[in-house]
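Residue numbers start from 1 in every chain, and the chains themselves are labelled A, B, ... in the order their sequence lines are given, proteins ahead of strands.
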Amino acid sequence: MATKILSKTKKPTKTTTKPVARAAVKKVAAKKPAAKKAATRKPATTSRRRAPRRDRYAPTAIEARWQKRWEQDGLYRTDLNDHGRKKFYFLTMYPYPSGDLHIGHWYAMSPSDAAARYRRMKGYHVFFPMGFDAFGLPAENAAIKRGIHPYKWTMKNIANMRRQLRSMGAMFDWSKEVVTCMPDYYRWNQWFFLQFFKAGLAYKKLAPVDWCPKDQTVLAREQVIGDERLCERCETPVVKRDLEQWFFRITKYADELLDFSKMNWSERVQTLQTNWIGRSEGAEIIFRSESGEAIQCFSTRPDTLYGATFIVLAPEHPLVETLAAPERKAEVEQYVQAARRQSDIDREATDKEKSGFFIGAHATHPLTGARIPITIADYVLMGYGTGAIMGVPAHDERDWAFAKKYNLPTPVVIAPPGWDGQPLAEAYTGEGTMVNSGPFDGTPSADGKRMVAQKLEAIGAGKAAVTYRLRDWLISRQRYWGTPIPIIYCDEHGIVPVPEEDLPVILPTDARVKFNPQGQSPLLFHKKFLNTTCPICGRPARRETDTMDTFVDSSWYQYAFLNTNMKAEPFNRALADQWLPVDQYTGGIDHATMVEKAGERAKKMSKSKGNVVAPDPLVRRYGADTVRAFLMFIGPWDQGGPWDSSGIDGVRKWINRAWSLIVERPTAKGPRPAASDDQIKALRRVVHQTIQRVTDDMEAFKHNTAISALMELTTALARAKEAAAYPATVWGEATRALLLMMAPIAPHVAEELWARLGGAYSIHQQAWPAYDPQAAVEESFTLIVQVNGRVRDRVQVPMGIGEARARELALATPGAQKYLDGKAPRQVIYVKEKLINIVV
RNA sequence: GCCGAGAUGGCGGAACUGGCAGACGCGCCGGACUCAAAAUCCGGUGGGGUUAACCCCCCGUGUGGGUUCGAUUCCCUCUCUCGGCACCA
């Protein structure tokens with residue numbers, strides 16, 4: 001649903017000091033005294049052999065301990081009524097309780113959690129709720145296959161997935177959890193339905209649905225697999241069938257959905273949305289048949305009206321039967337049946353030859369009065385526009401193909417630029433000048449569109465009109481495991497909405513529900529549910545037995561999380577005003593493709609190898625911190641990609657190194673030299689440069705590069721530790737900064753090490769480290785010396801060097817001398833604190 | 001077909017506003033430790049040429065062109081990959 005797609009991460013401008021920081025790291029490294037190498041290893045070795053097992057990094061124990069403590073202390077409970085700080089609402093896709101979390105969930109959620117934790121440390125009042133999208137077909141399938149009741153199956157899965165989600169160590173506020181299959185939740189689906197019904201936005205009509213002939217059931221779109229359109233469960237080709245269905249009139253809001261002015265959506269998502277809505281401007285043109293019927297045709301090119309030489313109706317068009325000449329009825333019927341039998345994929349194949357059929361009737365051209373034939377053809381779709389078009393072969397490729405096949409005339413009415421008056425070799429669909437168009441001759445086609453529409457309106461034969469590809473939302477499912485639609489059918493009063501005070505209409509969970517579908521909702525066979533009384537007259541009546549699409553649940557869950565009293569209202573207005581809009585949503589369009597990929601892979605693997613990419617074993621082996629950090633490290637988050645665990649060792653090693661940095665003594669025995677002023681400066685420099693890098697990366701949701709920076713900092717600190725003894729203030733600042741920056745990414749180990757350093761509980765309630773630009777500043781830089789754009793030398797110079805001096809130094813370098821070869825420079829380009837390019 | 005995103009070592013990926021391409025990690029190679037292996041630690045690692053060695057040189061960010069002192073970065077062409085839409089009138 002369009003409303004589900006929220007904005008992606010913003011891209012703040014970013015300033016990195018990467019090369020500078022790197023130089024600093026190297027510098028710190030270079031300070032490593034030769035003594036280190038020479039130092040005798042023996043004592044260190046023995047001590048390492050004796051001591052190590054006791055204090056090795058043991059993720060499982062640490063993680064369990066801190067998770068318990070956080071839970072006890074309610075560390076992640078958000079007081080929604082606290083107005084003190086700037087709010088930040090993180091929303092992530094709530095999972096379907098399929099039974100097991102897969103790696104795609106972790107991929108979507110860990111970076112979200114890291115971002116949420118980062119915001120919290122930056123002083124925001126963060127809300128990060130979690131829940132379950134608990135209605136849906138898999139529960140019913142499980143019931144059919146294994147005889148477990150959908151409710152039981154769902155609840156069992158939710159219990160397991162809660163445990164798995166907790167093992168991630170995310171800062172979800174479980175006190176606000178929502179489970180959509182609970183009456184307190186779905187009663188509001190029903191309530192919304194009733195409001196829509198009253199406003200005329202919920203209506204019922206006959207509509208074609210996907211139908212599996214073997215399972216005797218209606219399928220949701222996502223249950224129809226692949227281009228072959230096979231049933232998900234039994235791989236039988238799906239067919240179309242007409243059934244009475246409930247709809248929400250979302251098309252009424254199409255234009256509103258296209259207005260992005262108040263949205264902060266990415267280009268890509270806007271395009272998707274625009275595509276999806278498919279707005280077309282044009283005109284509705286009424287052709288009268290000779291029998292007097294009005295045929296409404298939609299066209300985006302009213303300017304080509306004078307070139308219309310035939311009318312095409314969709315085979316399903318309601319006028320087909322009325323208009324067909326008696327002697328052609330049989331054949332028309334045959335063609336219509338053939339078209340209906342085709343699967344969508346055949347019908348919609350663009351390269352297929354156009355087929356059509358003259359139905360033996362004619363219509364009158366509204367402007368010229370010409371007599372033009374009425375045909376039916378399967379390239380016209382009932383579901384779009386009016387289901388009828390005017391055929392303008394000279395200016396539409398499909399009409400061209402159709403006209404050529406059936407030898408219809410193709411008069412040119414839009415002259416292409418520089419047209420020589422000769423017949424065209426193919427359809428010309430571009431803009432041009434109107435010709436052979438009576439009073440409109442000479443009008444540019446762009447203006448003609450408007451003018452022709454006005455003319456039609458003036459004579460009552462049409463008007464300017466807009467159509468959309470977007471259809472109304474079909475919300476009914478002939479299924480058991482969903483929200484009952486709160487409607488009652490009375491013989492006397494027809495369709496009667498359930499009174500609001502009677503909500504919720506409870507989905508019966510007793511054993512009398514038969515799940516094997518008969519092409520109708522299983523609820524139809526549940527007499528106690530089915531039979532009720534009419535709210536108006538009190539006489540026996542029947543309930544609607546269809547249930548709602550699960551998208552209804554998820555279209556408002558961001559409100560439900562903010563609700564503290566689901567019994568009284570769907571959401572709390574004051575809290576909604578305070579907390580919405582959602583500040584960051586993950587799980588939308590981009591990550592959806594990742595989850596799909598992970599899902600596909602999992603499917604494939606389960607088929608071929610009998611195993612699935614499950615996070616649990618990984619967590620047991622590496623710990624949640626490593627798994628989280630690895631998922632964030634592998635690449636830019638929004639690019640996704642297939643799951644591949646090679647490389648996870650690198651992340652594990654990093655956390656290990658951070659562990660030893662804090663926990664272990666320096667390798668070398670005996671006193672280290674006191675750190676020199678230069679060493680202290682260099683250490684603080686790398687610390688503060690890293691703070692800057694990591695802060696920028698966290699802001700930009702670039703966890704991969706944030707982790708790289710932290711790895712570099714860890715290395716630099718480890719080397720510094722071996723090289724010298726730093727004053728407690730300096731060393732403390734450095735190690736604290738490292739841990740604080742690790743906290744969002746690897747929350748458990750950061751908390752543990754923080755505690756060991758004597759830090760106040762909890763690290764997750766500390767402020768994000770402040771960046772000191774003074775400390776980060778470099779004293780010198782490497783001036784690149786180029787001759788004709790190629791690097792020929794480098795020279796280390798002080799920061800803030802003037803151009804004249806830089807030029808002097810650069811020209812004096814051996815590299816420059818060699819390539820200048822005595823020639824005088826023609827031009828010298830100086831880029832401040834970067835390079836000098838000498839052009840000869 | 002249309003729209004969008006992308007293409008950088010053996011692999012995942014990095015690169016500010018046009019300024020040292022390949023950060024960080026994996027893998028691989030070499031070394032230390034070990035009876036040995038694992039683990040750990042240290043060093044190396046784009047390709048080619050040249051050298052006894054150090055040095056040094058050339059090529060290199062999908063293709064071809066352009067702008068520029070200088071292009072992974074900006075512009076145009078083409079190829080391929082991924083995603084969306086697709087007989088939408």
Side-chain angles (χ1 to χ4, degrees), chain A residues 13-19 21-22 25 36-37 41 44-45 48-49 52 56 266-276 278-280 282 297-301 304 312 347-352 354 377-381 383-392 396-399 401-402 467-469 589-590 593 596-597 630 633-636 638-642 644-651 653-654 656-657 660 667 696 702 704-712 715 718 782-791 794 815 818 826-829 831-832 834-840:
Chain A
T13 44
K14 167 195 149 168
T15 45
T16 336
T17 47
K18 219 167 232 191
R22 200 187 312 151
V25 173
K36 197 222 153 187
K37 241 183 185 166
R41 254 202 194 120
T45 318
R48 197 191 287 162
R49 199 184 288 161
R56 284 271 280 284
S266 69
E267 220 28 58
R268 191 178 130 82
V269 171
Q270 287 190 25
T271 311
L272 283 177
Q273 173 103 334
T274 307
N275 240 327
W276 179 62
R279 185 179 204 272
S280 302
C297 298
F298 178 74
S299 174
T300 53
R301 295 294 302 270
T304 64
V312 190
R347 176 94 182 253
E348 287 172 12
T350 47
D351 48 2
K352 198 190 62 168
K354 301 274 172 285
D378 61 3
Y379 78 92
V380 174
L381 309 171
Y384 184 79
T386 56
I389 62 157
M390 60 173 188
V392 185
D396 183 281
E397 277 158 25
R398 295 151 305 180
D399 297 344
F402 189 80
T467 40
Y468 303 90
R469 197 180 69 80
I589 200 85
D590 289 319
T593 61
E596 262 160 42
K597 270 183 198 163
F630 174 62
F633 180 65
I634 41 181
D638 51 5
Q639 264 174 38
D644 180 5
S645 68
S646 69
I648 194 168
D649 269 323
V651 174
K653 280 186 208 166
W654 165 55
N656 258 320
R657 282 189 295 131
S660 355
T667 313
D696 289 346
K702 286 164 72 174
N704 55 333
T705 46
I707 294 171
S708 300
L710 291 171
M711 286 172 165
E712 287 177 52
T715 305
T782 307
L783 179 73
I784 304 303
V785 181
Q786 293 186 338
V787 179
N788 290 331
R790 319 195 63 148
V791 182
R794 300 172 171 82
K818 184 173 162 197
R826 211 181 60 211
Q827 194 190 351
V828 177
I829 288 122
V831 183
K832 194 167 178 281
K834 281 229 170 73
L835 63 76
I836 250 179
N837 187 12
I838 304 157
V839 186
V840 290

Looking only at side-chain atoms of [X], point me to the closest of [options].
{"X": "Gln827(A)", "options": "rC24(B), rC69(B), rA15(B)", "value": "rC69(B)"}
{"X": "Asn704(A)", "options": "rG13(B), rA23(B), rG25(B)", "value": "rG13(B)"}
{"X": "Asn837(A)", "options": "rG25(B), rC69(B), rC87(B)", "value": "rC69(B)"}
{"X": "Arg794(A)", "options": "rG25(B), rA89(B), rC20(B)", "value": "rC20(B)"}
{"X": "Ser708(A)", "options": "rC24(B), rC16(B), rA14(B)", "value": "rC24(B)"}
{"X": "Thr300(A)", "options": "rA89(B), rG19(B), rC26(B)", "value": "rA89(B)"}
{"X": "Val839(A)", "options": "rC69(B), rC26(B), rC20(B)", "value": "rC69(B)"}
{"X": "Lys653(A)", "options": "rC41(B), rC24(B), rG19(B)", "value": "rC41(B)"}
{"X": "Thr705(A)", "options": "rA89(B), rA15(B), rC24(B)", "value": "rA15(B)"}

Report task. Decide, for rG12(B), between syn and anti: a glycosidic angle within 90° of 0 counts as syn, anything else as anti. Result -> anti
Mind checking [X] for me? I need base, sugar-phosphate or nothing, with any heavy atom below 4.0 Å counting as a touch.
{"X": "Arg657(A)", "value": "sugar-phosphate"}
{"X": "Val831(A)", "value": "base"}
{"X": "Ile634(A)", "value": "sugar-phosphate"}
{"X": "Arg790(A)", "value": "sugar-phosphate"}

Using atom [atom1] of each nucleotide, how far apart are [N] and [M] to the nearest Å?
{"N": "rU45(B)", "M": "rG22(B)", "atom1": "P", "result": "11 Å"}
{"N": "rG30(B)", "M": "rG19(B)", "atom1": "P", "result": "39 Å"}
{"N": "rA37(B)", "M": "rC55(B)", "atom1": "P", "result": "33 Å"}
{"N": "rA15(B)", "M": "rU8(B)", "atom1": "C1'", "result": "10 Å"}
{"N": "rC78(B)", "M": "rC87(B)", "atom1": "C1'", "result": "29 Å"}
{"N": "rG46(B)", "M": "rA38(B)", "atom1": "C1'", "result": "32 Å"}
{"N": "rA5(B)", "M": "rG9(B)", "atom1": "C1'", "result": "24 Å"}
{"N": "rG12(B)", "M": "rA23(B)", "atom1": "C1'", "result": "13 Å"}

Using whole Å, what does the distance between atom [atom2] of nucleotide [N] and atom [atom1] of [X] come to?
{"X": "Trp654(A)", "N": "rA39(B)", "atom1": "CH2", "atom2": "P", "value": "21 Å"}
{"X": "Glu397(A)", "N": "rC2(B)", "atom1": "CD", "atom2": "C1'", "value": "11 Å"}
{"X": "Phe633(A)", "N": "rA23(B)", "atom1": "CZ", "atom2": "P", "value": "12 Å"}
{"X": "Ile838(A)", "N": "rG19(B)", "atom1": "CD1", "atom2": "C1'", "value": "15 Å"}
{"X": "Leu835(A)", "N": "rU68(B)", "atom1": "CG", "atom2": "C1'", "value": "14 Å"}
{"X": "Glu712(A)", "N": "rG25(B)", "atom1": "CD", "atom2": "P", "value": "7 Å"}
{"X": "Lys834(A)", "N": "rA21(B)", "atom1": "NZ", "atom2": "P", "value": "14 Å"}
{"X": "Asp378(A)", "N": "rA89(B)", "atom1": "CG", "atom2": "P", "value": "18 Å"}

**Report entry** Minimum heavy-atom distance between Thr467(A) and Gly385(A), given as atom pair plus value
**Finding:** CG2-CA, 3.7 Å
State whether [X] places a side-chain N or O below 4.0 Å from either non-bridging phosphate oxygen (OP1 or OP2) of [N].
{"X": "Ser280(A)", "N": "rA89(B)", "result": "yes"}
{"X": "Lys702(A)", "N": "rG13(B)", "result": "no"}
{"X": "Arg469(A)", "N": "rA86(B)", "result": "yes"}

How many angstroms lie between atom [atom1] of [X] and atom [atom2] of [Y], to the nearest 0.5 angstrom?
{"X": "Thr705(A)", "Y": "Leu710(A)", "atom1": "OG1", "atom2": "CG", "answer": "10.0 Å"}
{"X": "Asn656(A)", "Y": "Arg56(A)", "atom1": "CG", "atom2": "CZ", "answer": "7.5 Å"}
{"X": "Lys834(A)", "Y": "Gln786(A)", "atom1": "NZ", "atom2": "CD", "answer": "12.0 Å"}
{"X": "Phe630(A)", "Y": "Asn704(A)", "atom1": "CZ", "atom2": "CG", "answer": "12.0 Å"}
{"X": "Asn837(A)", "Y": "Ile784(A)", "atom1": "CG", "atom2": "CD1", "answer": "11.5 Å"}

Any strand is fair game: report the nucleotide pairing with [N] by Watson-Crick or G-U wobble, both distances under 3.5 Å, or none.
{"N": "rC56(B)", "result": "rG49(B)"}
{"N": "rG70(B)", "result": "none"}
{"N": "rG83(B)", "result": "rC3(B)"}
{"N": "rA32(B)", "result": "rU40(B)"}
{"N": "rA14(B)", "result": "none"}
{"N": "rG62(B)", "result": "rC78(B)"}

Query - Parallel, tilted or perpendicular, as decided by the 30° and 60° cut-offs, for the rings of Tyr379(A) and Phe402(A) - result: tilted
Query raised in the report: Any donor-acceptor pair under 3.5 Å linking the side chain of Asn788(A) with the backbone of Val840(A)?
Result: yes
Report task. Assign each of Ala709(A) and Ile829(A) to its nearest nucleotide of RNA chain B by heavy atoms, then name whichever residue's nucleotide is nearer the 5' end. Result -> Ala709(A)
